[in-house]
Undergrad: 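So that we are looking at the same thing, I have put the structure below in C-alpha cells.
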Amino acid sequence: MKKTVFLLLACMLTMLTGAQTVSNNSVPRNTQVNQAKIVLGSGDIKYYNTENLNSIDVSDTKVTVNTKFLFQDVYEGNVKNIKFAKKLTGNLVLTEAKGWQESLYVKWNLIDGVDSYHVYVKGGAYADFTKIDAQLVRNYGTYGRADVVGLTAATYQVKVVPVVDNDELTEMARQADGLQVRNYDRSGFAHFNHQNGVGAYNDDGSLKQNAVVVYVTSKNAKTVKAKLSSGEFTGLQAIVAAYEKGNVTTPLAVRFIGTVRADDVDTFGSKEEGIQVKGKKADSELNITFEGIGDDATIYGFGFLCRNSKSVEFRNFAVIRCMDDGISLDTDNSNIWIHNIDAYYGKHGSGDHAKGDGAIDVKSDSKYVTLSYCRFWDTGKSNMLGMKSESGPNYITYHHNWFDHSDSRHPRIRTMSVHVYNNYYDGNSKYGVGVTSGASCFAENNYFRHAHDPLLSSLQGTDARGSGTFSGEPGGIIKSFGNIYAETGGSSYYVPITYQTNSTSFDCYEASTRDERVPETVKTLSGGTTYSNFDTDPQLMYSYTPDAAANVPQIVTGFYGAGRLNHGDCQFTFNNAVDDTNYDVNSALEHLIDNYKSSLVGIFGDAVDESGEDKEGEEGGETPVMPEGTIFCTFDKSGAPSSSFFMVVGNGSNSKGTATIDGQTYTTCLKMESATSIKFTLSVSMKMTLYFSDTETASIKVDNVKKTSSTSTYTETLAEGAHELTKADSRNLFAIKLEPIQQ
C-alpha cells in the first residue's frame, strides 16, 4: 500500500539496503532555498528543491521523488531517512569577542537551520587557524558562545563557521581579529621556587606535555572518562582518586561546563566537603587544574578537599551552597593556587553557620599557597589559616581579592607567615585581617572601604577594648604599610591602632617603607610574639610589584579583576547604606543563588548531543598533530611518553634493565602489561622501530597482531592511519622510532 508524504513534514524511515537509484535529478545543497533531504544507507545525501517537486511517494520497498518537470527518481531499498531542510535566513553576526587571561571568547547570533558551528583560533602557538574542541562550542538558546583556553599571551584571531549536514558553510564564516590575551598574575608563594607551573599548565599558560583534558557537565559527571598513565577511569571523583595510589603523574585539566550539582557526581571522596584531591603521601605532586569554562561554570552543593597534594590549581568557577568549606586545603599540601573564584553562601546552618562554614580554608601544615583575584559574596567566615596543631610558618599569599561585604576572616591567621596585599575590603561588618598564635602578617597596599576593625591582633589593641575579643588565643603580629582606610565615618574602629601610637597594646606596626624590618623589641602583649620579617628575607620571599592602594578598587573590580571572567553570570549589587554594617544573611542574595540556573542549553558539534554528553570519549582534546621528520619517543619511570604524539596508558619503571639505542643507554621504560596501550595516527606511511631491553627479544601486538623478532628490536612499515601497540608477552619497551619512508 502506497502513501504520499508531503514535503512540509519531516519524516524518517528505515528500509532494506542494496538497490540503486533509477535516475538522478537531485541538486547540490543550497542553503538559500527549502530542500528535501534524502539520506541513503551509504551516507550519501540527495537534495531536491521543494519548489520543483510535486510529492515524495513512500511504499514498503521504495521511495519515488516526483518533480514538476515529470522526472522521477526512484530509490529502492536504500533510503535511511527523509528530512526537510529549511533555507537559512539571516547572516552570522559576531556580537562579542574579547581576549582575557590565557583565554578568549566569542559570541554570535544563531541561524535557524544550522546544525552546529565550528570555531577556529589563530595566534600564539597556532600559526594557522586551528579547530578548537567541540565541547567548548555551546548553545545558550538565543546565542552561541565559544571559549578558547590554554592560550599564551599574544594577539589572536577567532573564526566561527556554520555547519549543516557536516559541511562547513565557509561563505557564511565570520572572523574577529586583534584579540589580546594576557597571562594570569602568578605572583605569590604558590609559584615560589616551583619551576614547572602549578597545576596542568605551564607558567606561560599552555598545557603541560601529555596533559589530559576532561570536560565535565551535569550530564556526564558520572560517565566522563580519562585515560591516565595507570589506566582508564570513569566518573569525576574516580578520575581524581586515581592519583591517590601515587602511580599517576599525568597532568590533568578538569574543565567544568555549566552547573555541576552534587547529585550529578559519581561519588564523593569526602562526605564533609565533596571531591577529594589526595596524594599518596605528603606533598605528592599531582599537576591537576580544576577550571571553569566561560563565565557561568558553577559548582553547586559541594566543594573540594585537598590532602597530601602539591601543584593543584583552582580557577574561574563559582562555588554555591557547598556542604562545609568551598575549598579546604587540609593536611600537608603545597604549591596550591586558588584564583578567580566566586564564593557564595555555603550550606545554611544555625548561629555563626547561617551563611555556611569556611569559604576557602588553609590548614594542617598546608604551605606555599596563593589565593588571588577571588570574590567573596557576603560570606560569613571567609578564610581561616591554620589550626592549633600547625608546626611551621607555612607561607601564604593573599592578593587582589574582593571581600565584597563579607563579614570576617580576611584572613584569620594562626602561626603562619602571610603576605596580604592589594586586596579590596568592601563594606566588611566584623573584621578584616586577624592574627593569633604567633602568626606574622605583612598587610600591604590594601584598600579598606568601610571595613570594621581592619587589622586585629588578639587580646590587644582594638581587640582588647569594647565588647570582647575575636580570639582568646595568644597574639600574632602585623606589619602594615601603604594601606588606605576610607569611609570610616569618623569611628576609631575603622582605623587600626599602630605601635607608634601605643607601643604596648596595638593592632599593627606601621612601617615607614616596604622593606623596613620590624625591630625585635616590638612584641605582642599576649605571648610576646615578635615579627618574623619573612618579607624582607630574599631566601624566603618572592619578587612582586604591588599596585598603589588607591588603584586597588578599580583593578579588583575591573575586567581583569576578582572572580570569574566578566565577574560571572550570577550578579548582585549590595546596598552600602544597609549592607556595610549588616552581617545577617542577605535575603535577596540568598533568593538569587537558591534559584540560580545557567542559561546553557547544550554543546554544539557532531560529537556531543544537546545534553552535553560526549559520545566519543570525554577526555576531549584534538588528535595530536603529526610532527615532521623522524619521531623518537622514550618513557619516564611513570610510563609517560616524551612525545605528545602518542597516547599512552600504562606503567613505567626504572628497574627493568637498559636499552642501548644509537650508542646511548636508556634506563626507563614502559612495561607492556595487559592494560598497556599505545595509540597514534599516521598521516603518511612510516617505518616503525621498537626498542626493548637489551636482554629481551622483541614481542608485541601491532594492531592486535602478534609480532616478534630474534633481537631486542622490531621493525615494520606502517600504513597511513590509526595504530595501536599492546601486550603480546611481558616485555619492557624503552623507545619508539618512526622514520619517513625514503622515496
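Predicted, not measured: the structure shown is a model, and the values here were computed from it.
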Undergrad: Does the separation of the ring centres of Phe304 and Phe317 fall below 6.0 angstrom?
TA: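 Here the rings of Phe317 and Phe304 have centres that are less than 6.0 Å from each other.
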Undergrad: Quick one: list whatever passes salt bridge (charged side-chain N to carboxylate O under 4.0 Å, His left out) with Lys37, sequence neighbours left out.
TA: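 Applying salt bridge (charged side-chain N to carboxylate O under 4.0 Å, His left out) to Lys37 gives Asp165.
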Undergrad: Report yes or no: is the cationic atom of Lys98 (NZ for Lys, CZ for Arg) closer than 6.0 Å to the six-membered ring centre of Phe559, at no more than 45° off its axis?
TA: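 Relative to the ring axis of Phe559, which defines the angle, Lys98 lies inside both limits.
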Undergrad: If only atom types and distance count, is the side chain of Lys222 paired as donor or acceptor with the main-chain N or O of Asp264 below 3.5 Å?
TA: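 Yes.
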Undergrad: Find the distance between NZ (Lys707) and OG1 (Thr715) and round it off to the nearest 0.5 Å.
TA: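 These two atoms lie 11.5 Å from each other.
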Undergrad: Could you tell me whether a side-chain N or O of Asn210 sits under 3.5 Å from a main-chain N or O of Met647, the two making a donor and an acceptor?
TA: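 Checked: no pair found.
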Undergrad: Do the side chain of Lys208 and the main chain of Gly199 share a donor and acceptor less than 3.5 angstrom apart?
TA: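 Confirmed, Lys208 side chain pairs with Gly199 backbone.
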Undergrad: Let me see the working for Glu168 and Lys131 under salt bridge (Lys or Arg N to Asp or Glu O under 4.0 Å), right down to the final yes or no.
TA: CA-CA 12 Å; Glu168 291 189 343; Lys131 186 180 175 185; 5.6 Å; no
Undergrad: For a 4.5 angstrom cut-off between non-hydrogen side-chain atoms, does Leu110 reach Tyr117?
TA: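 Yes, their side chains come closer than 4.5 Å.
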Undergrad: For the residue pair Val93 and Arg174, establish whether any side-chain heavy-atom pair is separated by less than 4.5 Å.
TA: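 SC-SC contact between Val93 and Arg174 ruled out.
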Undergrad: Can you check whether His339 and Tyr373 have ring centres sitting under 6.0 Å from each other?
TA: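 When the ring centroids of His339 and Tyr373 are compared, they turn out to be at least 6.0 Å apart.
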Undergrad: Once you round to the nearest 0.5 Å, how far does CD1 of Ile111 lie from CG of Leu169?
TA: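 One gets 8.0 Å once the value is rounded to the nearest 0.5 Å.
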Undergrad: How close do Tyr243 and Thr250 get, heavy atom to heavy atom, and via which atoms?
TA: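 For Tyr243 versus Thr250, the nearest heavy atoms are OH-O, 2.5 Å.
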Undergrad: Would the distance check show the side chain of Ser685 and the main-chain N or O of Leu718 forming a donor-acceptor pair, the cut-off being under 3.5 Å?
TA: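 Pair found, side chain donor or acceptor close to backbone of Leu718.
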Undergrad: Step through the shown structure and confirm whether more than 12 heavy atoms of other residues, nucleotides or ligands are within 6.0 Å of NZ on Lys679.
TA: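 Not buried by this count: 12 neighbours or fewer within 6.0 Å.
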Undergrad: Going through the checks in order, is the side-chain contact (heavy atoms from CB on, under 4.5 Å) test met by Glu716 and Leu690?
TA: CA-CA 9 Å; Glu716 176 181 343; Leu690 305 178; over 6 Å; no
Undergrad: Go through the steps for Tyr143 and Arg145 under the test side chain to side chain donor-acceptor pair (under 3.5 Å), then give the verdict.
TA: CA-CA 7 Å; Tyr143 64 93; Arg145 175 177 179 135; 5.5 Å; no
Undergrad: Here's a test for you: under ring pair (Phe, Tyr, Trp, His ring centres under 6.0 Å), which of Trp337, Tyr184, Tyr544 qualifies with His191?
TA: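 Only match with His191 under ring pair (Phe, Tyr, Trp, His ring centres under 6.0 Å): Trp337.
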Undergrad: Output yes when a side-chain donor or acceptor of Asn220 lies under 3.5 Å from a complementary backbone atom of Tyr215, and no otherwise.
TA: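 Indeed, once roles are kept as given, a pair shorter than 3.5 Å links the two residues.
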Undergrad: Kindly check if the number of other-residue, nucleotide or ligand heavy atoms within 6.0 Å of NZ (Lys122) is above 12?
TA: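 Yes, the 6.0 Å shell around NZ holds more than 12 heavy atoms from other groups.
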Undergrad: Return the minimal non-hydrogen interatomic distance between Val649 and Glu232, and the atom names on each side.
TA: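 Scanning both residues completely, I find the closest heavy atoms to be CG1-N, 4.5 Å.
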Undergrad: Between the side chain of Gln35 and the main-chain N/O of Pro28, is any donor-acceptor distance below 3.5 Å?
TA: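 Checked: pair present.
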Undergrad: Quick one: does any side-chain atom of Ser230 pair with a main-chain N or O of Asn247 as donor and acceptor, under 3.5 Å?
TA: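 Flag not set: sc Ser230 to bb Asn247 has no pair under 3.5 Å.
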Undergrad: Does Asp167 pair with Arg29 as a salt bridge, N-O distance under 4.0 Å?
TA: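 No, Asp167 and Arg29 are not salt-bridged.
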Undergrad: Would you name the heavy atoms of Asn335 and Ala190 that are closest together and state the gap between them?
TA: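 The pair with the smallest heavy-atom distance is ND2-O, 2.8 Å.
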Undergrad: If you look at every heavy atom in Gly123 and Tyr156, which pair is closest and at what distance?
TA: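 Heavy atoms only, the tightest pair is O-CE2, 3.1 Å.
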Undergrad: For Tyr126, look at atom OH and say whether over 12 heavy atoms of other residues, nucleotides or ligands are found less than 6.0 Å away.
TA: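 Open.
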Undergrad: One pair to check against side chain to side chain donor-acceptor pair (under 3.5 Å): Glu724 and Ser677. What are the steps and the verdict?
TA: CA-CA 7 Å; Glu724 182 178 20; Ser677 169; 2.6 Å; yes
Undergrad: With a 3.5 Å cut-off and no angle check, do the side chains of Ser311 and Asn287 form a donor-acceptor pair?
TA: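 The answer is yes; a qualifying pair exists.
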Undergrad: Does Arg182 make a cation-pi contact with Tyr560 (under 6.0 Å, within 45 degrees of the axis)?
TA: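 Ring-cation test returns yes.
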Undergrad: side-chain contact (heavy atoms from CB on, under 4.5 Å) between Glu102 and Arg315: does it pass, once the steps are laid out?
TA: CA-CA 12 Å; Glu102 296 171 21; Arg315 66 158 80 160; 3.8 Å; yes
Undergrad: Could you state the interatomic distance from CG (Leu88) to CD (Gln32), rounded to the nearest 0.5 Å?
TA: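 Answer for the CG-CD pair, Leu88 versus Gln32, is 6.5 Å.
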Undergrad: Evaluate whether atom CD of Gln180 has more than 12 neighbouring non-hydrogen atoms of other residues, nucleotides or ligands under 6.0 angstrom away.
TA: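 For Gln180, atom CD is crowded (more than 12 foreign heavy atoms under 6.0 Å).
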Undergrad: Report yes if the distance between the aromatic ring centroids of Phe734 and Tyr691 is under 6.0 Å, otherwise no.
TA: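 Aromatic pair excluded; centres sit 6.0 Å or further apart.
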Undergrad: Say you draw a straight line from CD1 of Ile327 to CD1 of Ile275; how long is it, rounded to the nearest 0.5 Å?
TA: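 That separation rounds to 12.5 Å.
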Undergrad: What's the separation between atom CZ in Phe635 and atom NZ in Lys671, rounded to the nearest 0.5 Å?
TA: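 So the gap between those two atoms works out to 14.0 Å.
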Undergrad: Taking all heavy atoms of Leu733 and all of Ile678, pick out the closest pair and write down the distance.
TA: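 Looking at all heavy atoms of both residues, the shortest contact is CD2-CD1, 3.6 Å.
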Undergrad: Set out, in order, the CA-CA distance, both residues' side-chain angles and the distance that settles side-chain contact (heavy atoms from CB on, under 4.5 Å) for Trp100 and Asn566, then state yes or no.
TA: CA-CA 9 Å; Trp100 194 53; Asn566 284 326; over 6 Å; no
Undergrad: Among residues at least two apart in sequence or on other chains, which ones pass salt bridge (charged side-chain N to carboxylate O under 4.0 Å, His left out) with Arg255?
TA: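 Here the qualifying residues are Glu291.
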Undergrad: If we ignore hydrogens and angles and just use 3.5 Å, is the side chain of Asp296 paired with the main-chain N or O of Leu600 as donor and acceptor?
TA: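 No, Asp296 side chain to Leu600 backbone: no donor-acceptor pair under 3.5 Å.
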Undergrad: Hey, does Gln175 have a side-chain heavy atom less than 4.5 Å from the side chain of Phe129?
TA: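 Result yes, sub-4.5 Å side-chain heavy-atom pair found.
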Undergrad: Examine the side chains of Glu96 and Tyr105 and answer whether a donor and an acceptor come within less than 3.5 Å of each other.
TA: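 Yes - a donor-acceptor pair under 3.5 Å links their side chains.
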Undergrad: Walk me through whether Arg186 and Val198 qualify under side-chain contact (heavy atoms from CB on, under 4.5 Å).
TA: CA-CA 9 Å; Arg186 285 176 166 79; Val198 173; over 6 Å; no
Undergrad: Drop me the distance from Leu151's CG to Asp204's CG, to the nearest 0.5 angstrom.
TA: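 Going from CG on Leu151 over to CG on Asp204, the span is 10.5 Å.
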Undergrad: If I compare all heavy atoms of Val319 with all of Ile341, which pair ends up nearest, and what's the gap?
TA: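 Looking at all heavy atoms of both residues, the closest pair is CG2-CG2, 4.4 Å.
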Undergrad: Which one of Thr217, Asp133, Leu136, Asn139 satisfies the side chain to side chain contact (heavy atoms under 4.5 Å, CB included) criterion with Ile603?
TA: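 Exactly one option meets the side chain to side chain contact (heavy atoms under 4.5 Å, CB included) with Ile603, and it is Thr217.
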Undergrad: Answer yes or no: is there a donor N or O on one side and an acceptor on the other, between the side chain of His567 and the main chain of Gly558, under 3.5 Å?
TA: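 Yes, His567 side chain to Gly558 backbone: donor-acceptor pair under 3.5 Å.
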Undergrad: Is it the case that the side chain of Thr668 and the backbone of Tyr666 share a donor-acceptor pair, with hydrogens and angles ignored and the cut-off at 3.5 Å?
TA: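 Not a single qualifying donor-acceptor pair exists.
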Undergrad: Counting C-beta onward and ignoring hydrogens, is there a side-chain heavy-atom pair between Val260 and Thr298 closer than 4.5 Å?
TA: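 Val260 vs Thr298: side chains apart.
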Undergrad: Evaluate the side-chain proximity of Phe645 to Leu682: yes if any heavy-atom separation is below 4.5 Å, no if none is.
TA: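 Yes, their side chains come closer than 4.5 Å.
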Undergrad: So among Asp342, Asp295, Asn316, which one has a side-chain hydrogen bond (donor to acceptor under 3.5 Å, both in side chains) with Arg564?
TA: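 When side-chain hydrogen bond (donor to acceptor under 3.5 Å, both in side chains) is applied between Arg564 and each of Asp342, Asp295, Asn316, only Asp342 qualifies.
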